[in-house]
Amino acid sequence: MKRVAVLGSTGSIGTSSLEVLSALSDRLTLVGATAHSRWQQLAEQTQQFAPRVAVVSDESLQGEVEAASFHSETQLKFGRDAITELASAEDVDIVVTAIVGAAGLQGTWAAVEAGKTIGLANKETLIVAGPLICDLAKKTGSQFLPVDSEHSAIFQAMQSGKTAEVKRIILTASGGPFRGWSREQLDSATPEDALRHPTWDMGPKITIDSATLMNKALEVIEAKWLFDLDVSQIEVVVHPQSLVHSIVEFSDGSCLAQLSPPDMKLPIQYALTWPDRFDGPSPKMDWTSTWSLDFAPPDRDLFPALDLGFEVARRGGSCGAVLNAANEVAVSRFLGGDLKFREIPQACREILDAHNFDPDPTLTDLTRLDQWAREETSRWTSSPST
Ligand code: NAD
Ligand code: MG
């Protein structure tokens, strides 16, 4: 029995993780779950899984939360420190990091410090603090198992050869809801348009990141750290069907890909049961239907976020923390009707260029830069010339 903690259990990845736990209840058990504000949903989850602990991280809700709605055997806790405590608890084997944004860093850090196996969904952790957290993992023996579908695909395909035989990896991107749109159309793209993802059903932040291709940009950085690759070994291809989740090309030219319907339960399950495979709740390919698989290069002019990702992956240092924070704020301003769609990468570019580059920042430096970039992006306006 593997003992699992799910940080961010009420989100898209969190609820899919619980579906996997429910389907594989003879192998996986829930020790603890956390939610930021949706405590009613968290309470319902405790009624189904009876975990030892449930955490509501937004402490301001303490007066409102009805403790009686939680399972009688579940201890209810509040605040960010309770996330840290759960992530490092002795009775936890695997921590699924399904909190969105840089807010997920603290819990992931605690889990790595405690030497846990990490089912890594919160890619922002690697964007903000890739080198520091990878160093920490080496010291504590903590292992990252990717939950992100592309990185899970690469992890699976890589098991067919030796690391030294990997020539390059090709990350697939659906292209998002705006694939094929013109510059003029993009200028008037609304949050509703951007939230209408053609193939994946995800939380709002990553859905907007998919529309700008910032998600793929972040995944380039994520892949660099997860697989210890040179940035020149990472490529991106648009594959609108989202069936091929990524490809590894080996030195002899053989390309190995992983295919499955676009559903996160499979990569989540693989991270939770690796190195074994079991029948589970993920939908399966129907090979009696006619399928076609298309691949095309991304439009880097219309979607400049992608190049930002490659640049940040190359420069490293403080760039990831600044890009991530600027993007989080720009996405939230776009969702609030305060920025236009194409201003998201524009704001990120300008904040990135304006920051004081630090090639070797500490965690404290990164926290300070994250805060700086958030403040700058909150008051950013596009200059009339652009
Ligand atoms: P979501 O918005 O659906 O859920 C976010 C979860 O984080 C919720 O449980 C929420 O309570 C919690 N949360 C939000 N703010 C918090 C805060 N300040 N402190 C503590 N907890 C907080 O997000 P999601 O789509 O499930 O994405 C989660 C992570 O997984 C992201 O890092 C995303 O990039 C990654 N990811 C998601 C998908 C997907 O299919 N949704 C795929 C690959 C990777
Ligand atoms: Mg992905």
Side-chain angles (χ1 to χ4, degrees), residues 5-19 32-42 45 54-61 77-84 86-87 95-108 110 118-128 146-155 169 171-176 195 197 199-210 213-223 226 236 239 242 244-246 258 261-268 271 282 309 324 327-328 331-332 335 370 374:
V6 179
L7 312 185
S9 66
T10 51
S12 162
I13 292 288
T15 49
S16 291
S17 301
L18 294 192
E19 277 185 63
T34 84
H36 195 55
S37 52
R38 281 190 248 146
W39 62 267
Q40 293 95 337
Q41 189 186 347
L42 181 66
Q45 293 176 339
V55 178
V56 177
S57 46
D58 184 349
E59 269 172 306
S60 69
L61 296 174
K77 296 189 175 180
F78 291 89
R80 284 151 52 102
D81 289 348
I83 299 183
T84 310
L86 169 63
V95 178
V96 178
T97 65
I99 290 174
V100 62
L105 174 61
Q106 189 187 343
T108 315
I118 313 292
L120 187 90
N122 181 266
K123 65 190 88 183
E124 292 90 344
T125 290
L126 288 181
I127 314 308
V128 175
V147 162
D148 214 347
S149 55
E150 296 76 2
H151 305 73
S152 175
I154 289 161
F155 180 56
I169 65 165
L171 296 172
T172 52
S174 68
L195 285 169
H197 198 282
T199 50
W200 292 100
D201 180 12
M202 311 180 284
K205 191 260 180 183
I206 186 174
T207 304
I208 302 303
D209 285 351
S210 298
L213 291 201
M214 185 63 83
N215 183 46
K216 217 45 57 181
L218 302 182
E219 289 181 356
V220 168
I221 308 167
E222 180 185 9
L226 273 178
V236 170
H239 164 54
S242 299
V244 172
H245 296 298
S246 280
Q258 184 262 332
D263 187 293
M264 290 307 292
K265 291 191 286 297
L266 181 58
I268 292 168
S282 317
N324 179 70
N327 180 54
E328 282 190 33
V331 166
S332 129
L335 285 173
D370 170 284
R374 278 171 207 274

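Order of appearance sets the numbers: ligands from 1, and atoms from 1 within every ligand. Scope of the values below: all heavy atoms of this structure, side chains included, with no hydrogens, waters or symmetry mates.
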> Would you say Gly203 has any N or O atom under 3.5 Å from an N or O of ligand 1, going by distance alone?
Replying inline: yes
>> To check your reading of the model: name the closest protein heavy atom to atom 4 (O) of ligand 1, its residue, and the distance in Å.
In response: Gly11 CA, 3.1 Å
>> Regarding Ser9 and Gln45, do their side chains bring together a donor and an acceptor under 3.5 Å, going by distance alone?
In response: yes
>> Under 4.0 Å, counting heavy atoms only: does Met264 come that close to any atom of ligand 1?
In response: yes
> Side-chain contact, heavy-atom cut-off 4.5 Å: Met202 with Met264?
Replying inline: no
>> Counting only heavy atoms, tell me which of Asp209, Ile13, Leu7 gets closest to atom 37 (C) of ligand 1.
In response: Ile13
> Quick one: which of Pro204, Gly79, Ser12, Ser9 has a heavy atom closest to atom 2 (O) of ligand 1?
Replying inline: Pro204
> Distance below 2.8 Å from the Mg ion (ligand 2): how many protein N/O/S atoms qualify?
Replying inline: 3
>> Any donor-acceptor pair under 3.5 Å linking the side-chain atoms of Thr172 with those of Glu150?
In response: no
> Among Lys123, His197, His36, Glu124, which one has a heavy atom closest to atom 31 (C) of ligand 1?
Replying inline: Glu124
> Counting heavy atoms only, which of Asp58, Thr10, Asp201, Thr108 comes nearest to atom 8 (C) of ligand 1?
Replying inline: Thr10
>> Could you check whether any heavy atom of Gly104 sits closer than 4.0 Å to an atom of ligand 1, since that is the contact criterion I want to use?
In response: no
> How many angstroms lie between atom CD of Glu59 and atom NZ of Lys77, to the nearest 0.5 angstrom?
Replying inline: 13.0 Å
> Quick one: side-chain hydrogen bond (donor to acceptor under 3.5 Å, both in side chains) partners of Ser282, sequence neighbours excluded?
Replying inline: none
